[in-house]
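Notes follow the structure.
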Amino acid sequence: SRNSVARKLSSLRSFYKYLFNNDLIKTNPFKYVASPKKEKKLPKYLGLEELEVIFNTPDITTPLGQRDRTILEVLYATGIRVSELVNIKLSDIDFYNKEIRVLGKGNKEKAPFYIGNVVTGIMILGTIIAIGILLFLTPLLKFFGSPDNVLGYAKDYVGVTAIGIPFLIMGLGGGHIIRADGSPDFSMICNLVGAVINIILDYLFVMVFDWQMKGAALATIIGQFVSFALVINYLRNYKTVRLKKEHFIPSLKYIGRIASLGVTPFSNQIAIMIVQITLNKSLTYYGALSNYGDSIPLACAGIIMKVNQIYFAVIIGLSQGIQPIASFNIGAKNYSRVKETYKLAVISGTIVSVIAFIMFQVFPRNIVSIFGTGSDLYFQFAERYLKIFMFMTFANAIQPITSTFCTAIGKAMKGTFLALTRQIIFLLPLIVVLPMIFGINGIMYAAPIADGGAAVISIIVIRGIFRKMGE
């Protein structure tokens, strides 16, 4: 039969491939021998009555019967292979979300190579970046907008923290790998432990030992190294697959696939970097033309950005949290649940945003004072910058949640477009044009206009999606 011929050819093909790979023969005669096409037959399936007999066979009053019934239910409901079912561990079961993580046969073989290549790629890329920064430290700092009176401090800090870049990237990237293994709690611990150590050592090195900027930088890379060490130790005992040395050998096949999946977030980060460089240069240039000088606007903007990051971390958490729920329900065509998920996330994010808006408008000096003291001119600019630059905070949850939501329901192009609306479409042109008209104040006006524009476009896009979903 054709099946017998195909089976024997497969055996011979594997045998001669082994001989050729081990240099026992010079050519492989079976390399181009095609197997005969198998006859396509309709699959045999069980009827409802037969399924009922099978499901009712186990005695569910006994532990073994309950186990057997569970096996049958999982096989029938999911369609997974028997080999995949018997490899399910307790750590693969999320009882809270009622989910089971199953790694397919092909993915089981490829997964360790992807993980190993991610780790190797991160370390190589981090080392290249670190060397590049150390070699071109001064030109890079000036390019990013560092004024001359701050350059010395910047060189002291970045000159040390550049050494820790491989540890920083591995700590961040490793967190995603650990979460994919079903250990989000440990991923959080890796980040928290490094951050806590950083804060403690910051106080010791700067306030007690008076090591100034270099002390703060040293505290940073020690915290990053601890997070890095925790990630590496976890990888040695990875649960889903066993990682071996050969998995960490770089391969263009795997690195190319990894890079293709990371193009969208990479583009977003590049966009943010371009905006930040333009913002720094504008603050330095127009600040020098004002009574604030070139260093006060840059220092204040850095503080406001950190404050915004704290608030925005909550919004990002909400937007990422709805991804699996929205993806699952859009696949199940449960559109009412999809809409409900989005609305709940936006309402929750807006509540947080309104609270943040009130704090920014009512307590600007108190917030800025947390980061240190300064002259009256410093606080004057910082308060104005925080109140004006962050004026649209109450609406700032809409754009990131909508962008992530669109990606989660399969509208990746719309998600990417929305992700770029604030930074590239609105903010970048505004921080170039408005200061030409209003001076340093124009930079402050740019942010609320960009935030408002991004929110309006997000609302228009999501209404269109919901309208089609209803149809």
Side-chain angles (χ1 to χ4, degrees), residues 67 70-71 74 78 80-127 130 163-201 220-251 253-259 261-262 265 317 320-321 323-324:
R67 181 204 65 183
T70 302
I71 289 173
V74 172
T78 64
I80 63 174
R81 300 181 181 93
V82 173
S83 60
E84 293 166 350
L85 182 137
V86 298
N87 283 319
I88 294 175
K89 306 181 186 68
L90 277 175
S91 58
D92 295 326
I93 303 173
D94 184 345
F95 291 100
Y96 180 78
N97 293 312
K98 299 179 180 179
E99 296 174 352
I100 301 175
R101 187 177 74 255
V102 179
L103 203 60
K105 181 182 176 183
N107 291 331
K108 191 85 173 179
E109 297 168 354
K110 296 176 183 178
F113 288 99
Y114 280 110
I115 296 167
N117 274 255
V118 166
V119 173
T120 304
I122 284 173
M123 295 307 297
I124 292 173
L125 185 61
T127 303
I163 300 170
I165 284 178
F167 307 135
L168 167 65
I169 301 177
M170 188 67 242
L172 295 172
H176 294 291
I177 297 173
I178 292 171
R179 279 198 296 274
D181 194 41
S183 301
D185 293 342
F186 190 81
S187 175
M188 181 180 66
I189 289 171
C190 291
N191 292 324
L192 284 178
V193 169
V196 170
I197 289 174
N198 188 356
I199 293 169
I200 295 171
L201 293 181
T220 299
I221 63 171
I222 291 174
Q224 291 167 352
F225 181 79
V226 171
S227 296
F228 163 81
L230 289 171
V231 169
I232 295 300
N233 184 63
Y234 183 94
L235 292 177
R236 293 175 60 192
N237 303 285
Y238 207 71
K239 294 185 297 184
T240 306
V241 292
R242 185 181 177 187
L243 299 174
K244 301 177 181 178
K245 290 181 181 179
E246 57 264 28
H247 297 144
F248 296 90
I249 298 173
S251 168
K253 171 186 173 183
Y254 297 108
I255 291 176
R257 176 61 177 159
I258 293 164
L261 293 173
Q320 291 182 347
Q323 279 185 306

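Side chains are part of it too, since the values below use all heavy atoms of this structure and drop only hydrogens, waters and symmetry mates. Note that the numbering runs from 1 along the sequence shown for the chain.
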Working for side chain to side chain contact (heavy atoms under 4.5 Å, CB included), residues Met123 and Phe248 | CA-CA 11 Å; Met123 295 307 297; Phe248 296 90; over 6 Å; no

Nearest 0.5 Å, what's the [atom1]-[atom2] distance between [X] and [Y]?
X	Y	atom1	atom2	result
Leu230	Phe186	CG	CZ	5.0 Å
Arg236	Leu243	CZ	CG	12.0 Å
Asp181	His176	CG	NE2	15.0 Å
Thr220	Ile197	OG1	CD1	12.0 Å
Cys190	Tyr234	SG	OH	9.5 Å
Ile122	Thr127	CD1	OG1	11.5 Å

What do the steps show when you test Val193 against Ser227 for side chain to side chain contact (heavy atoms under 4.5 Å, CB included), and what is the final call?
-> CA-CA 7 Å; Val193 169; Ser227 296; 5.6 Å; no

Determine yes or no for a side-chain-to-main-chain donor-acceptor pair under 3.5 angstrom, with Thr120 supplying the side chain and Pro250 the backbone.
-> no

Under the side chain to side chain contact (heavy atoms under 4.5 Å, CB included) criterion, do Tyr238 and Ile115 qualify, and how do the steps go?
-> CA-CA 10 Å; Tyr238 207 71; Ile115 296 167; 3.5 Å; yes

So among Ile177, Ile189, Ile178, which one has a side chain to side chain contact (heavy atoms under 4.5 Å, CB included) with Ser183?
-> Ile178

Apply the test side chain to side chain contact (heavy atoms under 4.5 Å, CB included) to residues Asn198 and Ile222: give CA-CA distance (whole Å), side-chain angles for both, the deciding distance (0.1 Å), then the verdict.
-> CA-CA 7 Å; Asn198 188 356; Ile222 291 174; over 6 Å; no

Sole residue of Tyr114, Tyr254, Phe113 in ring-ring contact (aromatic ring centres under 6.0 Å, His included) with His247 | Phe113

In terms of heavy-atom contacts, Arg179 and Ser187 come closest through NH1-OG, 3.1 Å

